[in-house]
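In what follows, every chain begins at residue 1, and chains take the letters A, B, ... in the order their sequences are listed.
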2 protein chains.
Amino acid sequence: MKLTTFSDYAFRVLIYLASTGESASLSELAQAYGISRNHLVKAVNTLEKNGFVRTRRGVGGGISLARPASEISLVEVALSTEPNFTIVECFDYENNTCRIAGACRLERILQDATRAFMAEIGKYTLADITGNSKVLLKLIARSSA
Amino acid sequence: MKLTTFSDYAFRVLIYLASTGESASLSELAQAYGISRNHLVKAVNTLEKNGFVRTRRGVGGGISLARPASEISLVEVALSTEPNFTIVECFDYENNTCRIAGACRLERILQDATRAFMAEIGKYTLADITGNSKVLLKLIARSSA
DNA sequence: TCATTGTTGCATTTTATTTACAACTATAGC
DNA sequence: GCTATAGTTGTAAATAAAATGCAACAATGA
Ligand code: SF4
Ligand code: SF4
């Protein structure tokens, strides 16, 4: 069970933007985390399409938060970046082949468990996880030096 | 985010055994769910190694529960069949490359969320999800006919 | 007009998962 | 003991999903 690194990259972008409080270019983000610019492209794109960040092309452009960090719920982010939450095949009603789907009580339990997972993440906003922005930025600066 | 079908197959095996209350052969299990015998082999093997089922070779052999269904916690099963719960890369301390690991608050939140997921599953035992064994067996019988 | 910076779509590589297979060992019954 | 049954083991192939790379493009500000 894991999230895609795609989702995690999206989180890292948001964390960076909220920590600096400024806008940043794709290249800057890539350098900050030591990951290829290409990897970030899609993540940033998805964030933009879902209204979490604003982007501006051209000189002086870049990526910035579209709303205050305190209004960006972590669960919303996860829901929009993660391709799916099909924990078991029966969750995908259309393609299910399991013969006991419908009567299987495990299905419901796994749904509840997934909801519990989401609820836990939903307790926090981007602001909650960037209160220690100085430490975060220091770590990033040190590694990217 | 998803569990491997490997884990789900393990659950299906346990559900079947608990529902019939008898032992079953790999072939019988495969036929019951309409999945290839080969797929089940590893799942059953893992279940055996973790003490959930007992196996007997030879004529009249087969697979049966190693303990009462009421003593088989669903979370234990998931923990032993799922290859890992590395939600994000920093969970795997050895191979982590994320520069903010350690200071990142998201890490802790995701750990809590995972624990919440587990706790939810841990509320139930195999007995809890096979109270409707008749319905389950009927569904299986109908589809495998 | 130009350098900068994000956008888009596609191709490739890599990894994880799923599935298949075959030779092997144990068991029960005759 | 022989034989059919049934699980065991290790490996390999196929598939699917994710991760990564690239290049041509479009917008923007100086
Ligand atoms: S119905 Fe039950 S056994 Fe079948 S896929 Fe869903 S959870 Fe698994
Ligand atoms: S430290 Fe934070 S950003 Fe880095 S991998 Fe862990 S959760 Fe993701």
Side-chain angles (χ1 to χ4, degrees), chain A residues 1-13 17 22-50 52-66 81-89 92 95 97-98, chain B residues 1-10 12-13 17 22-31 33-50 52-66 81-89 92 95 97-98:
Chain A
M1 199 170 84
K2 63 174 60 165
L3 294 178
T4 55
T5 73
F6 176 78
S7 286
D8 196 52
Y9 282 175
F11 278 121
R12 292 189 206 180
V13 167
L17 295 176
E22 298 172 8
S23 81
S25 71
L26 278 170
S27 305
E28 181 182 345
L29 288 165
Q31 220 228 327
Y33 287 111
I35 50 187
S36 162
R37 199 189 104 108
N38 291 313
H39 314 170
L40 286 174
V41 168
K42 277 191 199 157
V44 166
N45 208 243
T46 300
L47 287 174
E48 192 277 329
K49 287 200 163 45
N50 285 280
F52 297 113
V53 301
R54 216 184 294 277
T55 58
R56 273 204 13 238
R57 307 196 209 190
V59 180
I63 298 129
S64 54
L65 293 182
T81 58
E82 198 62 10
N84 69 71
F85 284 94
T86 308
I87 307 296
V88 281
E89 69 161 304
D92 179 6
N95 301 307
T97 67
C98 180
Chain B
M1 199 170 84
K2 63 175 61 165
L3 295 178
T4 54
T5 73
F6 177 78
S7 286
D8 196 51
Y9 282 174
R12 292 190 206 180
V13 167
L17 294 177
E22 297 172 9
S23 82
S25 71
L26 278 170
S27 305
E28 181 182 345
L29 288 165
Q31 220 228 328
Y33 286 110
I35 51 187
S36 161
R37 200 190 104 108
N38 292 313
H39 314 169
L40 286 175
V41 168
K42 278 191 198 157
V44 166
N45 208 244
T46 300
L47 287 174
E48 192 278 329
K49 287 202 163 44
N50 285 280
F52 297 113
V53 301
R54 217 184 293 279
T55 58
R56 276 214 0 249
R57 305 196 210 192
V59 181
I63 298 127
S64 54
L65 293 182
T81 58
E82 198 63 9
N84 70 70
F85 283 94
T86 308
I87 307 296
V88 280
E89 70 161 303
D92 179 6
N95 301 306
T97 66
C98 181

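- Counting all heavy atoms, side chain and backbone alike, B:Leu40 lies closest to B:Leu26 at CD1-O, 4.0 Å.
- If you measure from atom CZ of B:Arg57 to atom P of C:dT27, you get 7 Å, rounded to the nearest angstrom.
- Look at CG on A:Leu47: it is 15 Å from C1' on C:dT7, rounded to the nearest Å.
- Judged purely by distance below 3.5 Å, without hydrogens or angles, the side chains of A:Glu89 and B:Thr5 never pair a donor atom with an acceptor atom.
- Here A:Arg56 does not reach the OP1 or OP2 of C:dT4: none of its side-chain N or O atoms lies under 4.0 Å away.
- In terms of modelled atom types and a separation under 3.5 Å, the side chain of A:Glu82 and the main chain of B:Met1 share a donor-acceptor contact.
- When rounded to the nearest whole Å, the span between CZ of B:Arg54 and P of D:dT8 equals 13 Å.
- Side-chain polar atoms of A:Ser64 and A:Glu22 form no donor-acceptor pair below 3.5 angstrom.
- Residue B:Leu26 contributes atom CG, which lies 7 Å from atom P of D:dT8 at whole-angstrom precision.
- Counting non-hydrogen atoms under 4.0 angstrom, A:Ala24 reaches the backbone sugars and phosphates but no base.
- Between B:Asn45 atom CG and D:dT8 atom P the separation is 5 Å, expressed in whole Å.
- Judged purely by atom type and a 3.5 angstrom limit, A:Thr46 uses its side chain to pair as donor or acceptor with the backbone of A:Lys42.
- At the phosphate of D:dA6, neither OP1 nor OP2 sits under 4.0 Å from any side-chain N or O atom of B:Thr55.
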Along nucleotides 15-23 of chain D, 5' to 3', which nucleotides get a B, which get an S, and which get a -, given that the test is a protein heavy-atom distance under 4.0 Å? ----SBBB-
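- At distances below 3.5 Å, not a single donor-acceptor pair connects side-chain atoms of A:Tyr9 with backbone N or O atoms of A:His39.
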